[in-house]
Protein chains: 2
Amino acid sequence: MSSPRRRVIPEATIARLPIYQRCLLELEAGGRTKASSEQLAELAGVNGAKVRKDLSYFGTYGTRGVGYDVPHLLHEIRRELGMTHDWPCVIVGAGNLGTALAKFGGFTDRGFSVVAIMDVDESKVGQKVGALTIRHEDDLADVVAELDISIGIITTTAGAAQDVADQMVEVGIRSILNFAPATLDVPFGVLVRDVDVAIELQILAFHEERRVLSEAEIV
Amino acid sequence: MSSPRRRVIPEATIARLPIYQRCLLELEAGGRTKASSEQLAELAGVNGAKVRKDLSYFGTYGTRGVGYDVPHLLHEIRRELGMTHDWPCVIVGAGNLGTALAKFGGFTDRGFSVVAIMDVDESKVGQKVGALTIRHEDDLADVVAELDISIGIITTTAGAAQDVADQMVEVGIRSILNFAPATLDVPFGVLVRDVDVAIELQILAFHEERRVLSEAEIV
DNA sequence: CCGAGCTTGTTCACAAGTTCACAAAGTTGC
DNA sequence: GCAACTTTGTGAACTTGTGAACAAGCTCGG
């Protein structure tokens, strides 16, 4: 009755799968058909044991004495990550960042396409962003249904973010990528991932600051 | 001889400090002068014990029975994060993303300002991006010295990223924010933080995919 | 068909991070 | 000044993640 293999896969492992995928793509582009865990680890910037453990979670068969079959492993990771089909996304917030993301093709080739961009600002509605036309935020339910969207991207100001998240949840979106510097409150079952460049910079600054302090101490 | 307080602060705690800072700013804007760990936790989306433990690392004094003094705590966190002064940053890679980041003012008010933007492409050099003029990547050493830059931001393609990182390290930058989908190899002591939107989307997609699978299983 | 040589898959010990639970310390009302 | 109440700061249990080590298993040459 139980699935043959359905272990709980650790979050940390999931976060590394896209990196392995990237490395495997590089290897494939270079014509390599086999790779050992150590080679993959080198490319991914982690250690070999971790690679083997990560891959073992979803029962991918490497071959002892040989390594992993690059195309096969790539296929398995793609399947595991749901990269076998395209993911349509909607961006809410047609500001600087939102429009830049919409125009930026960098995800399209990785299986994600921005199929709609929306804003509350009436004056923006109707304007073009690349091939897309900005639509009004109130149409979210329609747009999501029409285009079968399951991923929402929030690029509004911090103040508007919670409202947008609520709307997204209401129309059935359960995966949200949030660029707004705000902590979103969503019901259980909805997954939010935050991308906050300022936080990343602050973490760098923290270490930079400490570095200066410790050096002063040594001298 | 040892500093009165210099415990090792966990990475996980450091990553939360900017979030606490943000929440405290909100509270301050709302005129609140006191906040309990539970209130802060609520705003930050974590649990109260975590807040207290995080704050205790750098010996911030809350008052038992009362809570934390908002302005004071804010000051302490700012100091700890090195937010008492401005951090000049250089962006290398004047493509879509690089120019968007340079124009985007969202970090300026958080203590980071983009003071230079560079590219290898001769045809881009000399063009304006907001108030900045794109300079040639070869001038990196000069620019860094002139403007006293300690943080580098990489927004090139994956292929060029490692070279840029090498250049940055060579001219003395030890904190790098990397937007390129590549694993950078840097010497010990140099800190790299990666921001990869595609990876975030892939993590969302993984869970979305699983969600569909588990629901099918239940039925 | 066998032995040498690799590389995986897994176990185990340890490190990092989280949560609980509670004593200590402060405040407020009487 | 004391009792009731609130909230911090922290030791200890627990959970999650990492890295080393090694047995099991595969390939290949002879």
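Order of the sequence lines fixes the chain letters, A, B, ..., with proteins taken first and strands second; residue numbering starts at 1 for each chain.
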Does a donor on one side chain sit under 3.5 Å from an acceptor on the other, for [X] and [Y]?
X      : Y      : result
B:D163 : B:Q167 : no
B:Q39  : B:R32  : yes
B:R79  : B:T84  : no
B:R22  : A:T183 : yes

Tell me: [atom1] of [X] to [atom2] of [N], nearest whole Å?
X     : N      : atom1 : atom2 : answer
B:Q39 : D:dT7  : CD    : P     : 8 Å
A:L73 : C:dT7  : CG    : P     : 16 Å
B:L40 : D:dT6  : CG    : P     : 19 Å
B:D54 : D:dT8  : CG    : C1'   : 14 Å
A:E11 : D:dT15 : CD    : C1'   : 14 Å
A:Y61 : C:dG9  : OH    : P     : 10 Å
B:R16 : C:dA16 : CZ    : C1'   : 12 Å
A:I14 : D:dT16 : CD1   : P     : 13 Å

Of the options [options], whose atoms approach the side-chain atoms of [X] most closely?
X     : options               : value
A:S36 : C:dT18, C:dT7, D:dT8  : C:dT7
A:N47 : D:dG19, C:dT8, C:dT19 : D:dG19
A:K50 : D:dT8, D:dG19, C:dT27 : D:dG19
A:R52 : C:dT8, C:dG17, C:dT27 : C:dT8
B:K53 : D:dT27, C:dT18, C:dG9 : C:dT18
B:S56 : C:dT27, D:dT18, D:dG9 : D:dG9

- Any chance you could lay out the salt bridge (Lys or Arg N to Asp or Glu O under 4.0 Å) test for B:E80 and A:R210, step after step, and finish with the verdict? CA-CA 9 Å; B:E80 207 64 38; A:R210 289 240 145 181; 2.8 Å; yes
- Message: On DNA chain D, compare the nucleotides closest to B:Y68 and A:P10; which residue's is nearer the 5' end?
- Response: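 Taking each residue's closest nucleotide, the earlier one in sequence belongs to B:Y68.
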- Phosphate-side-chain proximity, A:S37 and C:dT8, N/O vs OP1/OP2 below 4.0 Å: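 Looking at the OP1 and OP2 atoms of C:dT8, one of them is under 4.0 Å from a side-chain N or O of A:S37.
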- Message: Could you check whether the side chain of A:R64 and the base of C:dT7 have a donor-acceptor pair of N or O atoms closer than 3.5 Å, going by distance alone?
- Response: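 Flag unset: no donor-acceptor pair detected.
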